[in-house]
Amino acid sequence: MSTTLPTPTTPALASTPVIAPVVPPQSRLRPLGLDEVRITGGFWGDRQRVNAAHTLGHVLGRLESEGWLPNFDLAAEGALPTGRRGREFADSEIYKYLEAVAWEIGRSDDSELEATFRSVVARVAAAQEPDGYLNTEFGRPGQGARWSDLEWGHELYCLGHLFQAAVARERTRPGADDGLLAVARRAADLVCDVFGPCGIPAFCGHPEIETAMAELGRVTGDARYREQAELFVARRGHETLRDIEWGRTYFQDDVPVRDAEALSGHAVRANYLAAGAVDVAVDSGDDELLSSLRHQWARTRGRRTYITGGQGSHHQDEAFGDDFELPPDRAYSETCAGIASIMFSWRLLLADGDAAYADLIERTLYNVVATSPAADGRSFFYANTLHQRVPGISADPEGTSPRASSSLRAPWFEVSCCPPNVARTLASLDAYVATADADGIQIHQYAPAEVNTTLDDGRSIALKIDTSYPSSGEIRVTVLGDATAEWTLSMRVPEWARGASARVISSDGATEVPAPSGEVVRIRRTFAAGDVVELALPMEPRIVTPDSRIDAIRGCVAIERGPEVFAVESVDLPHNASVNDIVVTRDTPRDVDGRVWVQMGVRRPVDDNWPYTKAGQREPLEGSVFVPLVRYHDWGNRGPATMRVWIPTT
């Protein structure tokens, strides 16, 4: 991890509320909200447009047709449990949808979305019990008792997503009269009463409420919520929950959070818990806990993360494996785990300012989050394999698929946590582009954007970012107003960008600035309107090799260009060859007309010979041809195919 920033400081927060998912009361960097940063186009702008135009409506339609939203109507009518549909955590998908819509309203001020939002909130609110309890799976005659299955029941997990939806609504529309925040506060008050210091000394088997209560405390100013989040984190790791077949590691109840060496167990749960623990550490000033979480992040990144940024190598329990256990053909790499990893990394970035966190966020955004949805935003990958050995099967466009199907994107899943999770991430993505501190502005992710904010001393800063990244590595930042004093513009140079360059162009001419990879370019000056900072990142395709301790891919290479990982897909191979029969025969990829090509050989068709040969004896090849690669996030869009990221060299 780079150590390119100065000693941590505590910048004063802006006087107006920050419209962002994460707003710590004190941190090295201050997040800039949706009213301060606007993505205006490009790679992510296109995906936000599709998310708003298609994904949100698709998700709502499925919440209705699957019966998950009507569950709330049944609850309000007193008809449950008869007719309830969906898994025990189905309520959470409605809340994630509401959060996504709240962020999108904050971006677009869409009146139709506003009406839809209010309609859904009214149906949710009608199902709330007088004491604040809200869940369609538990608590009524014929259902399990409240809080009777903390290992698997997901009651607190669902409420956590409710709280995050309420936070999004309050930040985008402060004081709105739809009632969502009041619903959330009644439920949160009940949680504090039931699970507080004198209540049930336990927690939810699926972490999520920790970060949600911390953020609800920040938006309302109610210290009880922060204290409850702190209590939930502290209770972990003392073998409180009942043991299960995969062990208590599955839901992080084997080792106290501050004593863990790396993230382990269920990958989504582990990252959600780590994100909440960062919130707790920052809000309570617990430097020991924060230091432990930094160490866990670094070890997880260095030993338990796929080249795509994906996490989780076990299908059985959707979990992390041991260090360097990263088989590409068994990669689970759940989309939700990637989103949770971004949540963890972002909170550490705000706390520390280290560019390494933004690097992992970028990698995960382009190669996990962008991979899940189809181009039309109406079908999704749940898991993200790095090696598809057999052609996939097209999903029924009207059907519901098993969650671990990695063959082709599906419109919905029996466990459909990923589609609304992708929706809420894309709708709030503007808030992950840039931050501020007392000295200036930091740009972490590159997209065409406008930045308008105010520094702590009241100075207004306006910037325009022009780029076609990642198609091009040219990023141009134009200052739109004169400054009365010096301030610092910081721009991240990704770790892979060796040979990057930067320069400042002003009325005085152009000045070159060092741009070492893995660090941050800082330009401090009294900027004038029209001043430009240009960052040029090298975008030649590159061959990368794995750590030799990753047994499953020893002797293989992968190809990257900029932040994007590439793959070979069978539809691009000659004579319908399988990706299981190819080898790289030349280690210099070519970039031709926007596509990356690599020279490969194809092994002879499989026969019945003994598959083990004398050391040094090479397998015969049918010939060598140049093969075009596909960006990993685009694979699976041309019908059933085999695919692989890691390609053998012998």
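For reference, positions follow the sequence shown, starting with 1.
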[Y] and [X], any side-chain heavy atoms less than 4.5 Å apart:
X: Phe626; Y: Val598; result: no
X: Leu386; Y: Trp646; result: yes
X: Val583; Y: Thr585; result: yes

[X] side chain to [Y] side chain, donor-acceptor N/O pair below 3.5 angstrom:
X: Tyr632; Y: Glu564; answer: no
X: Gln599; Y: Arg590; answer: no
X: Asp110; Y: Ser108; answer: no
X: Thr488; Y: Arg524; answer: yes
X: Arg347; Y: Thr211; answer: yes
X: Asn384; Y: Thr335; answer: yes
X: Arg378; Y: His54; answer: yes
X: Gln311; Y: Asn271; answer: yes
X: Glu486; Y: Thr526; answer: no

Given the options Asp439, Ile461, Val504, Ile443, Leu489 meets side chain to side chain contact (heavy atoms under 4.5 Å, CB included) only with Ile443
Is it the case that the side chain of [X] and the backbone of [Y] share a donor-acceptor pair, with hydrogens and angles ignored and the cut-off at 3.5 Å?
X: Asp482; Y: Ala528; answer: no
X: Arg38; Y: Arg107; answer: yes
X: Thr55; Y: Gly377; answer: yes
X: Glu519; Y: Arg492; answer: no
X: Thr467; Y: Glu474; answer: yes
X: Arg586; Y: Ser624; answer: no
X: Ser345; Y: Leu360; answer: no
X: Arg30; Y: Pro24; answer: no
X: Asp430; Y: Ile39; answer: yes
X: Lys96; Y: Cys417; answer: yes

Atom of [X], atom of [Y] and distance for their closest heavy-atom approach:
X: Ala355; Y: Gly518; value: CB-O, 4.2 Å
X: Val602; Y: Ala577; value: CG1-CB, 4.0 Å
X: Val18; Y: Gly33; value: CG1-N, 3.8 Å
X: Val571; Y: Pro640; value: CG1-O, 4.4 Å
X: Phe413; Y: Phe381; value: CZ-C, 4.2 Å
X: Pro373; Y: Ala370; value: CD-O, 3.8 Å

- Query: Would Glu114 and Arg169 satisfy salt bridge (charged side-chain N to carboxylate O under 4.0 Å, His left out), going step by step from the backbone distance to the final call?
  - Reply: CA-CA 11 Å; Glu114 175 71 22; Arg169 180 59 165 176; 2.5 Å; yes
Side chain to side chain donor-acceptor pair (under 3.5 Å) pairs touching residues 505-515, sequence neighbours excluded, are none
**Prompt:** Less than 6.0 Å separating the ring centroids of Trp346 and Tyr357?
**Reply:** no
**Asked** So, Trp44 versus Tyr366, ring centres under 6.0 angstrom or not?
**Response** yes
Could you walk me through whether Glu450 and Thr40 pass the side-chain contact (heavy atoms from CB on, under 4.5 Å) test, one step at a time? CA-CA 7 Å; Glu450 296 172 352; Thr40 56; 3.9 Å; yes
- Query: Between Arg644 and Glu569, does a salt bridge (charged side-chain N to carboxylate O under 4.0 Å, His left out) hold up when you go through it step by step?
  - Reply: CA-CA 7 Å; Arg644 71 187 304 162; Glu569 205 170 359; over 6 Å; no
Exercise for the section: Could you go through the side-chain contact (heavy atoms from CB on, under 4.5 Å) check for Arg363 and Glu560 one step at a time? Expected result: CA-CA 11 Å; Arg363 181 174 294 272; Glu560 298 177 323; 2.7 Å; yes
Can you tell me how far apart [atom1] ([X]) and [atom2] ([Y]) are? Round to the nearest 0.5 Å.
X: Asn637; Y: Thr371; atom1: CG; atom2: OG1; value: 10.0 Å
X: Glu534; Y: Met491; atom1: CD; atom2: CE; value: 9.5 Å
X: Asn452; Y: Leu480; atom1: CG; atom2: CG; value: 7.0 Å
X: Ile342; Y: Leu365; atom1: CD1; atom2: CG; value: 4.0 Å

Salt bridge or not for [X] and [Y], using N-O below 4.0 Å?
X: Arg62; Y: Glu93; answer: no
X: Arg525; Y: Asp531; answer: yes
X: Glu99; Y: Arg171; answer: no
X: Arg638; Y: Asp572; answer: yes
X: Arg409; Y: Asp376; answer: no
X: Arg389; Y: Asp329; answer: yes

Worked verdict on Asp437 versus Gln442 for side-chain contact (heavy atoms from CB on, under 4.5 Å): CA-CA 8 Å; Asp437 63 10; Gln442 304 82 38; 3.2 Å; yes
Verify salt bridge (charged side-chain N to carboxylate O under 4.0 Å, His left out) between Asp109 and Arg173, making sure each step is shown before the conclusion. CA-CA 10 Å; Asp109 199 23; Arg173 292 292 181 269; 2.7 Å; yes
- request: Examine Arg631 relative to Phe566 and say whether NZ or CZ is less than 6.0 Å from the centre of the six-membered ring and inside a 45° cone about the ring axis.
  value: no
Practice task
Show the numbers, then the answer: is there a ring pair (Phe, Tyr, Trp, His ring centres under 6.0 Å) between Tyr97 and His161?
Solution key: CA-CA 10 Å; Tyr97 166 78; His161 280 298; over 10 Å; no
Item to check | Mutual orientation of the aromatic rings belonging to Trp412 and His58 [parallel < 30°, tilted 30-60°, perpendicular > 60°] | outcome: perpendicular
| Residue pair Val645, Val565: steps toward the side-chain contact (heavy atoms from CB on, under 4.5 Å) verdict | CA-CA 8 Å; Val645 168; Val565 173; 3.7 Å; yes
Requested in this report: Just do the salt bridge (charged side-chain N to carboxylate O under 4.0 Å, His left out) check on Arg561 and Asp591 with the steps written out, would you?
Outcome: CA-CA 9 Å; Arg561 181 183 182 274; Asp591 192 338; 3.0 Å; yes
